[in-house]
Amino acid sequence: MKDALLLGSEGIKKTILHGGSGDIPKFVTGVKVTFHFRTQLCDDERTVIDDSKAVGTPMEIVIGNMFKLDIWETLLSSMRIGEVAEFWCDTVHTGVYPLVSKSMRRIAEGKDPVDWHIHTCGMANMFAYHSLGYEDLDELMKEPKPLYFVLELLKVQQPSEYDRETWALSDEERLKAVPVLHGQGNKLYKQGRYQEATQKYKEAIICIKNVQTKEKAWDVPWMKLEKMANTLTLNYCQCLLRMEEYYEVIEHTTDIINQHPGIVKAYYLRGKAHVEVWNEAEARQDFSRVLDLNPGMKKAVKKELAILNMRMEEKNEEDKLKYKAGRLRPSLPFQGESEPLLHRQRSPGDPEAPGLPHPGHHLLHLPRLAHQHRGTGVLHHGEHLVASSKVLKPLNMLLLVHMMGQCY
């Protein structure tokens with residue numbers, strides 16, 4: 001069944017590919033809409049940009065919640081349940097699609113839908129980094145084009161018919177949820193439930209960031225939200241330290257320091273993370289900066305420097321022993337082979353394992369490397385290659401694809 005027609009909005013043409021059933025639902029504010037979508041270029045090949053069916057999870061949006069691509073609300077509001085329709089949309093409606101697509105792709109890749117640890121709004125991020133991270137989206141951002149959206153309406157739920165998650169809340173409701181989530185995260189942290197605490201902190205941060213994008217950068221309301229987000233991000237990093245995700249701590253704290261170089265806790269947590277991965281110079285520099293900003297932390301810094309000295313002495317002694325025992329080294333595997341040598345991690349303070357890498361690292365039996373790979377999560381460790389768990393994860397596990405309801 002095909003029925004070409006123009007909707008009330010200029011620059012939109014609809015073609016029904018498969019008729020739906022019943023009347024057109026009431027799309028009032030707060031209604032949750034579940035649908036599949038396919039986005040295509042208007043070229044001869046009808047090149048597919050994104051396809052929710054290929055990901056395996058339908059899209060969800062809440063009407064009236066200021067979804068970035070608000071034209072989709074207009075398109076969906078013309079459809080019946082079960083209907084499949086193709087919409088041609090002019091560039092006036094598609095200019096922000098690359099930003100929305102980036103968020104959806106990050107979700108499909110198992111990443112955060114927003115770069116919430118980067119403290120600028122979406123448009124500022126684009127101009128600051130000159131790339132969305134996807135070549136086709138960069139092209140579309142530089143030169144907006146008309147697009148085809150093929151939508152299949154699956155379900156429409158009224159506000160009373162579903163439990164609203166934080167992404168489906170209004171801005172006022174989000175801000176009310178932040179202190180609740182913050183408190184829940186703190187409680188879980190004190191109980192040693194660090195993974196669960198990170199989820200609460202992350203949810204609170206995303207709430208703040210979505211409200212913040214509607215404020216003018218660096219104005220008073222924006223800065224107030226920024227301060228709240230930084231506090232939660234540093235709490236999140238404290239959990240990551242406990243979880244031995246040291247490189248991720250360095251990444252998030254560096255993002256904060258680059259934007260707000262006077263936050264003491266950011267330097268302190270980054271210094272602790274540098275200690276755990278043997279970045280001696282970087283750790284000393286961060287702790288020195290902590291004392292510059294807050295001399296009252298002298299006792300805490302002294303303790304961390306003592307830990308750093310101990311770590312470096314252990315490593316130096318370990319390297320000396322390896323040189324002395326060079327002739328006793330185990331033979332390397334044949335060319336093309338690699339095998340696990342050691343999978344045990346050292347517990348903090350384990351006196352019987354002085355030669356093991358620091359917590360959060362695995363030792364791989366690989367040919368000798370001639371240098372150290374700092375900044376990549378990989379360190380040369382005598383005869384072997386030491387890689388952080390953060391680096392090994394992408395090589396050893398397939399991230400489950402999931403789809404959040406709204407792309408920010």
Identify each donor-acceptor pair in which a side-chain atom of residues 265-273 lies under 3.5 Å from a protein atom, sequence neighbours left out, and give them as a table.
residue : atom : partner : partner atom : Å
K265    : NZ   : N235    : OD1          : 3.2
K265    : NZ   : Q238    : OE1          : 2.7
Y267    : OH   : P261    : O            : 3.0
Y268    : OH   : E304    : OE2          : 3.3
R270    : NE   : D286    : OD1          : 3.4
R270    : NE   : D286    : OD2          : 2.9
R270    : NH1  : T254    : OG1          : 3.1
R270    : NH2  : D286    : OD1          : 2.8
K272    : NZ   : E304    : OE2          : 3.1

For the side chain of [X] and the backbone of [Y], is there at least one donor-acceptor N/O pair under 3.5 Å apart?
| X | Y | value |
| --- | --- | --- |
| Q40 | E45 | no |
| E73 | G64 | yes |
| S52 | P58 | no |
| T231 | K227 | yes |
| Y201 | L232 | no |
| T253 | V249 | yes |
| N294 | V290 | no |

Query raised in the report: Only one of V92, D90, I71 forms a side-chain contact (heavy atoms from CB on, under 4.5 Å) with I12, so which one is it?
Result: I71
For [X], look at atom [atom1] and say whether over 12 heavy atoms of other residues, nucleotides or ligands are found less than 6.0 Å away.
| X | atom1 | result |
| --- | --- | --- |
| D219 | CG | yes |
| E135 | CD | no |
| E161 | CD | yes |
| E196 | CD | yes |

Hey, is [X] close enough to [Y] for a salt bridge, meaning N to O under 4.0 Å?
| X | Y | answer |
| --- | --- | --- |
| K102 | D50 | no |
| D319 | K315 | yes |
| E276 | R311 | yes |

To the closest 0.5 Å, what do you measure between [atom1] ([X]) and [atom2] ([Y])?
| X | Y | atom1 | atom2 | result |
| --- | --- | --- | --- | --- |
| K13 | C89 | NZ | SG | 12.5 Å |
| C237 | E251 | SG | CD | 9.5 Å |
| R105 | D136 | CZ | CG | 4.0 Å |
| D138 | E143 | CG | CD | 13.0 Å |
| L75 | K14 | CG | NZ | 9.0 Å |
| K209 | I205 | NZ | CD1 | 8.5 Å |

Would you please say whether a donor-acceptor pair under 3.5 Å links the side chains of [X] and [Y]?
| X | Y | value |
| --- | --- | --- |
| E226 | H260 | yes |
| Q184 | K187 | no |
| S288 | R284 | no |

Are [X] and [Y] close enough that some pair of their side-chain heavy atoms sits under 4.5 Å apart?
| X | Y | value |
| --- | --- | --- |
| Y194 | L240 | no |
| I24 | M79 | no |
| I257 | I263 | no |

Query raised in the report: Yes or no on side chain to side chain donor-acceptor pair (under 3.5 Å) for H252 and T233, after CA distance, side-chain angles and deciding distance?
Result: CA-CA 8 Å; H252 290 312; T233 302; over 6 Å; no
Sequence neighbours excluded and cut-off under 3.5 Å, please list the side-chain donor-acceptor pairs for residues 144-153, or say none.
residue : atom : partner : partner atom : Å
Y148    : OH   : R46     : NH2          : 3.4
E152    : OE1  : K53     : NZ           : 2.9

Report task. Take R80 and D23 through the salt bridge (charged side-chain N to carboxylate O under 4.0 Å, His left out) test and state the conclusion after the steps. Result -> CA-CA 6 Å; R80 293 174 169 82; D23 297 329; 5.5 Å; no
